[in-house]
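Hydrogens, waters and symmetry mates are skipped; everything else that's a heavy atom, side chains included, is used.
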Amino acid sequence: HSSDRSSLALLEYVCQQIPGNPLLIVAAYRDSELGRQHPLRDSLGRLGRGARFLRLSLNGLSRHEVAALMHARTDYPVPETLVRSVHRQSDGNPLFVTEVAAMLAQDGPESRAVARGARFRVPDSLREVVMARLDKLPHEVSSMLGTAAVLGREFDQRTLGDLSGIESRRLMSLLEQAHDAALIASARPGRWVFRHALFREVLYEDHGTVARVMLHRRAAELLENRYRDDLGPFLSSLAFHFFEAAQAGREQKAIHYCRRAAEAASAQRAYSEAVALLDKALQVSDLAVSSDDDSRFSLSMEMGVAQYQAGELTAATQTLLRAAVLAHRKHWWQRLADALF
């Protein structure tokens, strides 16, 4: 993808001269680097007409492969919640997974990152590659994409316009430029998606903590006000944004929407998602100034049930035992029985 026309012409010529010889030529390229007029497109078309030409797409590791690689590098089984988090952040990029596993191997199985599906920084080597792509964009396009990254891997065009303050026609032009640069794709009318999770991760990390938290808070309030008559389809988004904005207050809203989204996920038998949402609610509860033991007990009970339904039996036992200890300390005998049985 970085070759000039002369180098590509040489590649084509060599490939034409070697049929019947025991020689393999391997050429690697990033398909995301190929614009509409890229000379490699024509070369691939001509090479593809050869009888022995084979094109292989190298996708990211699957979730099971991520789990296997992390296990091999850490020498202990990594919880499924953490595997899902790493896979979602990296799209299965092996270098990202290896870097995270190396850090976990140093911290050991009892670390907080292992206990909860933590976020991890993009490795510097990968970050430099992604930033080189982003640096080619006009500043206005990269700034718009930075705001879009706060909304998630997939984002709504209307919400992005409100959050960024960019007029709709201008926003459409900027989105088209990002699309032409192969950074985003159209998911469906009015919705866009980052082509690779790492694009979104690098743009997201580029925000300062305060700016990121305030953008999440504004996004949450926009969604809540716009769809207040029918919040059901947006519960996961509301839980995500209020959770990320919890440092700026509104802890109770974060807990409320995480619980509602978890209920909706459980109703759809998405028990692992329900576990992740309730874990977030518990994290916010630990931070909240006005948090109470009654709420913490209820959340622990809900999470224990969700973990059991998700097949995470050991984790469910530990969660329910913590709820039982809390009930015993508060002399809540009926609740103690509920937690134990």
Side-chain angles (χ1 to χ4, degrees), residues 1-75 77-78 83-105 120-137 153 178-187 193-203:
H1 58 270
S2 296
S3 300
D4 57 25
R5 291 182 184 275
S6 298
S7 299
L8 293 173
L10 176 61
L11 172 65
E12 292 179 44
Y13 176 77
V14 172
C15 289
Q16 290 167 5
Q17 304 305 311
I18 63 169
N21 292 298
L23 180 64
L24 172 68
I25 294 180
V26 178
Y29 68 94
R30 298 193 189 107
D31 53 6
S32 61
E33 297 271 3
L34 305 192
R36 293 173 183 171
Q37 305 301 319
H38 198 291
L40 180 54
R41 287 190 179 277
D42 292 334
S43 294
L44 288 172
R46 288 188 286 270
L47 289 167
R49 291 193 283 271
R52 296 177 179 275
F53 177 84
L54 177 65
R55 189 184 303 196
L56 298 174
S57 296
L58 301 181
N59 300 313
L61 301 176
S62 69
R63 200 171 75 202
H64 296 300
E65 290 166 338
V66 168
L69 179 55
M70 294 183 74
H71 188 184
R73 294 303 178 99
T74 59
D75 289 330
V78 179
V83 171
R84 284 199 305 271
S85 176
V86 172
H87 184 258
R88 184 172 57 251
Q89 277 187 261
S90 67
D91 262 0
N93 182 284
L95 179 56
F96 186 108
V97 177
T98 302
E99 293 270 355
V100 169
M103 185 196 73
L104 295 175
F120 299 93
R121 281 186 56 81
V122 176
D124 289 341
S125 53
L126 273 177
R127 182 181 176 83
E128 289 169 7
V129 172
V130 175
M131 288 304 296
R133 289 280 306 276
L134 296 173
D135 287 344
K136 297 176 183 178
L137 296 171
R153 173 81 182 270
H179 178 268
D180 290 343
L183 293 173
I184 61 174
S186 175
V193 61
F194 284 98
R195 285 184 178 273
H196 198 290
L198 290 175
F199 294 151
R200 187 252 166 182
E201 287 295 324
V202 170
L203 285 161

Between Gly92 and Val66, which heavy-atom pair has the shortest distance, and what is it?
CA-CG2, 4.2 Å
Ignoring hydrogens, what is the shortest heavy-atom contact between Leu69 and Pro94? Give both atom names and the distance.
CD2-O, 4.2 Å
Nearest 0.5 Å, what's the CG-CG distance between Leu54 and Leu24?
9.5 Å
In sequence, state the C-alpha distance, the side-chain angles, and the governing distance for Ile184 and Arg195, and then conclude on side chain to side chain contact (heavy atoms under 4.5 Å, CB included).
CA-CA 5 Å; Ile184 61 174; Arg195 285 184 178 273; 5.6 Å; no
Heavy-atom closest pair, residues Pro39 and Arg5
CB-NH1, 3.4 Å
Please round to the nearest 0.5 Å and tell me the distance separating atom CG of Asp42 and atom CD of Glu12.
8.5 Å
Report yes or no: does Glu65 contribute a side-chain atom to a donor-acceptor pair with the main-chain N or O of Ser62 at less than 3.5 Å?
yes
Would a distance-only check, ignoring hydrogens and angles, find a side-chain to backbone donor-acceptor pair under 3.5 Å from Arg200 to Val193?
no
With side chain to side chain contact (heavy atoms under 4.5 Å, CB included) as the criterion, how do Val122 and Val130 come out once you've worked through the C-alpha distance, each side chain's angles and the decisive distance to 0.1 Å?
CA-CA 10 Å; Val122 176; Val130 175; 5.7 Å; no
A side-chain contact here means heavy atoms from C-beta on lying under 4.5 Å apart; do Leu134 and Val202 qualify?
yes
So how far is it from Thr98 OG1 to Arg73 CZ, rounded to the nearest 0.5 Å?
4.5 Å
Of all heavy-atom pairs between Val78 and His71, which one has the smallest distance, and what is that distance?
CG2-N, 4.5 Å
Looking at every non-hydrogen atom in both residues, tell me the closest pair between Pro19 and Cys15 and how far apart they are.
CD-O, 3.8 Å
What I'd like to find out is whether the side chain of Phe96 reaches to under 4.5 Å of the side chain of Val86, using heavy atoms alone.
yes
To the nearest 0.5 Å, what is the distance between CD1 on Ile25 and CZ on Arg52?
13.0 Å
For a side chain to side chain contact (heavy atoms under 4.5 Å, CB included) check, start with the C-alpha distance between Leu61 and Asn93, then their side-chain angles and the critical distance, and finish with the verdict.
CA-CA 6 Å; Leu61 301 176; Asn93 182 284; over 6 Å; no
Can you tell me if Arg46 has over 12 outside heavy atoms packed within less than 6.0 Å of its CZ?
yes
Salt-bridge present (Asp91, Arg153; N to O < 4.0 Å)
yes
Just verifying a value: how many Å separate Ile18 CD1 and Tyr13 OH, rounded to the nearest 0.5 Å?
12.0 Å
With distance as the sole test, does His38 use its side chain to make a donor-acceptor pair with the main-chain N or O of His1 at under 3.5 Å?
yes
Is there a donor-acceptor pair closer than 3.5 Å between any side-chain N or O of Thr74 and the backbone N or O of Met70?
yes
Atom CG of Leu11 and atom OG of Ser3: how far apart are they, to the nearest 0.5 Å?
8.0 Å
